[in-house]
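Beneath this line is the structure, given in structure tokens, with notes to follow.
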Protein chains: 2
Amino acid sequence: MVVKSQIKFIKSLQQKKYRILHSLFVAEGVKMVNELLRSDLKVKDIYTVDAHAIPFNNDYCHIISEADLRRISGLKSPNKVLGIFHIPDPDRLEFKDWIVALDSITDPGNLGTIIRLCDWFGIKHLACASDTVDCYNPKVLQATMGSITRVNVVYTDIADLAAHADVPVYGAFMDGESVYDQNWTKSGILILGNEAHGISQPLEAHIQKKVGIPQFGSVTAESLNVATATAIILNEIRRS
Amino acid sequence: MVVKSQIKFIKSLQQKKYRILHSLFVAEGVKMVNELLRSDLKVKDIYTVDAHAIPFNNDYCHIISEADLRRISGLKSPNKVLGIFHIPDPDRLEFKDWIVALDSITDPGNLGTIIRLCDWFGIKHLACASDTVDCYNPKVLQATMGSITRVNVVYTDIADLAAHADVPVYGAFMDGESVYDQNWTKSGILILGNEAHGISQPLEAHIQKKVGIPQFGSVTAESLNVATATAIILNEIRRS
């Protein structure tokens with residue numbers, strides 16, 4: 001059974017301020033929780049309606065009813081398992097390879113997709129401006145499809161990062177020089193801006209190279225979604 | 001004022017079966033409705049709380065209250081204008097250039113993003129398996145950012161299309177030959193599969209060339225999102 005105070009506590013972790021306060025986050029679903037259990041993340045509690053849905057461990061696993069799962073879940077259709085994990089301390093950013101940096105991404109699906117892309121293209125470090133959506137937001141987690149365990153996400157001042165990095169700083173702009181015409185360096189920082197406003201002006205001053213994705217056919221579409229732009233630019237960097 | 005029967009009628013258009021029955025769809029928001037008004041689409045009615053939000057026309061514009069807008073809107077936060085438009089008859093598919101074909105895409109955001117990508121890369125025709133999410137679904141429309149007016153979306157049997165087309169048929173597969181190693185033809189069909197199950201078996205038989213996006217770093221991420229995969233492959237076709 002899950003008592004009232006537990007329900008309140010678990011539900012509170014749907015909100016960023018409580019995730020930060022307790023340094024805990026919630027993950028749901030058989031596939032996602034199993035993937036997190038296989039990672040280096042420290043688990044606090046697992047609530048499941050089915051002991052066979054996960055590698056059961058008496059220390060932290062609790063069998064609960066479907067009704068109780070609905071009470072603690074943030075999903076409309078809960079999927080058997082809910083896990084509570086400790087938020088890990090981020091690693092230091094390393095500049096040996098490319099780093100992706102996000103200036104105020106607000107859509108959880110976009111951040112989740114970008115984390116999944118970093119994983120695919122072997123980008124180990126993702127820097128996010130502090131007003132970027134929280135990577136432990138349940139919708140972000142869902143969109144990462146487990147990639148969150150393999151990408152080091154660091155919330156930091158991107159302008160400061162760009163100003164002090166000793167690698168080239170690239171930024172994605174609508175009117176940037178074609179990504180097809182670049183001699184991509186071995187390492188660098190690739191900055192992508194907010195969905196509506198792009199890269200902020202104070203940050204723009206620190207960008208050494210503005211790049212853009214050529215548009216084909218008549219110039220009509222006003223922009224690309226930031227996650228698809230990230231996909232195309234990371235592909236260009238890696239294929240080179 | 002909006003009477004009860006109108007509210008019921010407009011709300012019914014949130015559902016595919018009523019959109020098909022009446023051959024009408026709903027679009028919301030100042031930017032979206034203005035973009036549709038500038039296109040070739042035929043408008044039926046515009047409901048607005050602000051006559052200055054749109055090019056006002058007495059024939060089809062109705063000023064309503066905020067309360068009434070909330071009653072007819074499908075959004076949590078309605079944005080000034082709701083328009084009802086006639087669903088256009090799709091054009092015939094043309095094979096002079098590339099066609100994108102989708103095998104049962106279910107996520108509205110994915111379909112909307114793919115329509116926006118087709119627009120960006122100058123792909124004029126998008127073929128969708130008949131169980132693909134409806135392109136006039138409000139969430140799809142929102143994600144297209146207006147590109148729906150510039151891409152011809154045709155619901156059809158993709159296996160039949162692939163079997164009878166006289167252009168090369170490519171399909172995206174996890175284990176396909178690298179997209180970097182292709183001599184892309186001038187025209188062709190590019191097929192992308194369902195988010196969870198990929199391209200269905202009966203359709204696979206008609207595919208002449210299986211292509212895939214190389215993964216970098218350790219092989220960890222299990223797949224790319226279908227919209228980001230589309231972005232990368234269309235970029236490869238166009239840059240060649």
Side-chain angles (χ1 to χ4, degrees), chain A residues 31 35 38-39 97-98 107-110 112-124 139 142-151 174 178-181 195-196 212-240, chain B residues 31 35 38-39 97-98 107-110 112-124 139 142-151 174 178-181 195-196 212-240:
Chain A
K31 206 170 163 189
E35 180 126 17
R38 280 193 302 271
S39 77
D97 190 7
W98 280 81
D107 180 83
N110 283 340
T113 304
I114 291 171
I115 292 171
R116 193 172 166 192
L117 279 165
C118 286
D119 188 20
W120 185 270
F121 284 111
I123 305 285
K124 297 258 179 287
K139 285 182 190 160
Q142 208 57 46
T144 71
M145 300 289 276
S147 290
I148 186 75
T149 62
R150 293 178 294 266
V151 177
M174 281 296 290
S178 169
V179 290
Y180 308 150
D181 300 334
E195 289 91 341
I213 299 163
Q215 189 166 3
F216 292 81
S218 53
V219 176
T220 47
E222 64 176 42
S223 69
L224 282 173
N225 164 285
V226 65
T228 55
T230 306
I232 292 167
I233 304 177
L234 288 183
N235 182 64
E236 286 294 325
I237 290 173
R238 288 307 196 204
R239 86 193 297 289
S240 66
Chain B
K31 205 169 163 187
E35 182 127 17
R38 281 193 302 272
S39 77
D97 190 8
W98 279 81
D107 181 83
N110 282 341
T113 304
I114 291 171
I115 292 171
R116 193 172 166 192
L117 279 165
C118 285
D119 188 21
W120 184 270
F121 285 111
I123 305 284
K124 298 260 181 284
K139 284 184 192 160
Q142 209 57 47
T144 70
M145 301 289 277
S147 291
I148 186 75
T149 63
R150 293 178 295 266
V151 177
M174 282 296 291
S178 169
V179 290
Y180 307 151
D181 299 335
E195 290 92 340
I213 300 163
Q215 187 167 6
F216 292 82
S218 53
V219 176
T220 47
E222 63 175 44
S223 70
L224 282 172
N225 164 285
V226 64
T228 55
T230 306
I232 292 167
I233 303 176
L234 288 183
N235 182 64
E236 287 293 326
I237 290 174
R238 288 308 195 203
R239 87 195 294 288
S240 66

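Within every chain, numbering begins at 1; the chains are lettered A, B, ... in the order of the sequence lines, protein sequences first and strands thereafter.
Between Ile123(B) and Phe216(A) there is no side-chain heavy-atom pair separated by less than 4.5 Å. The shortest side-chain heavy-atom distance between Phe121(B) and Ile232(A) falls under the 4.5 Å cut-off.
Counting heavy-atom pairs closer than 4.5 Å to chain B, the top residue among Thr113(A), Leu117(A), Thr144(A), Thr230(A) is Leu117(A).
Under the rule for a side-chain hydrogen bond (donor to acceptor under 3.5 Å, both in side chains), Lys139(A) has no partner lying at least two apart in sequence or in another chain.
Among residue pairs with one or both ends in residues 227-238 of chain B, those qualifying as salt bridge (charged side-chain N to carboxylate O under 4.0 Å, His left out) are Arg239(A)-Glu236(B), Asp97(B)-Arg238(B); sequence neighbours excluded.
For Leu234(A), no part sits under 4.5 Å from any heavy atom of chain B, backbone or side chain.
Pairing each heavy atom of Tyr180(B) with each of Asn235(A), the nearest pair is OH-OD1, 2.5 Å.
Donor-acceptor pairing under 3.5 Å is lacking for the side chains of Thr228(B) and Arg116(A).
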